[in-house]
Chemist: 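My questions all concern the structure below.
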Amino acid sequence: MFEQELNEEWQELKEIWRNSSRTKKINLEMSGLINELKGKMSQFEKDAITRDIKQITSSISQFEKDSIAGDLKKIMASIHKILRMLGIKKEK
C-alpha cells in the first residue's frame, strides 16, 4: 500500500516536471552531461560501477528499505508543500 502511494506521488511529480516551461532545456542539458560522462568512462569503470550497484542493492536490509521509503515520503510531502506555497497545482 505504501509503495503504491509513493509511486503515485512520483508520478505526480513527474507530471509537474514534464509540464514545466524549462523541462526541455533541462532535459537537453542533462542528456548532454550524461553522454559526456559516458564518453569519458572506460569499460573497466562501467563494469566496476555495475558490480558495485549490484552488491549494494543485494545487501540492503528491509529496515534500510523502510527507512529510505519513509524519507522519500517526507521529501515528497515537502515538495508538495513548496509547490502549494508557490501556487503550482498538481496535474492529474
Chemist: Would you say Gln55 has more than 12 foreign heavy atoms packed within less than 6.0 Å of its CD?
Modeler: no
Chemist: With the 4.5 Å side-chain cut-off for hydrophobic clustering, are Ile68 and Met76 part of the same group?
Modeler: yes
Chemist: Going by atom types alone, do Ser67 and Glu64 pair a side-chain donor with an acceptor below 3.5 Å?
Modeler: no
Chemist: Identify the heavy atoms of Met41 and Lys46 that sit nearest to each other, and give their distance.
Modeler: CE-CG, 3.6 Å
Chemist: Kindly work out whether a path of hydrophobic side-chain contacts (I/L/V/M/F/W/Y, heavy atoms less than 4.5 Å apart) joins Ile53 to Phe44.
Modeler: no
Chemist: Identify whether Phe63 and Ile56 are in the same connected component of the hydrophobic contact network (ILVMFWY, side-chain heavy atoms under 4.5 Å).
Modeler: no
Chemist: Of all residues at least two apart in sequence or in a different chain, which pass the salt bridge (charged side-chain N to carboxylate O under 4.0 Å, His left out) check with Lys40?
Modeler: Glu36
Chemist: Tell me, please, which residues at least two apart from Lys81 pass side chain to side chain contact (heavy atoms under 4.5 Å, CB included).
Modeler: Arg84, Met85
Chemist: CG/Asp66 to CD/Gln62 distance, rounded to the nearest 0.5 angstrom?
Modeler: 4.5 Å
Chemist: Going by side-chain hydrogen bond (donor to acceptor under 3.5 Å, both in side chains), name the residues that satisfy it together with Thr57, two or more places apart in sequence or in a different chain.
Modeler: none
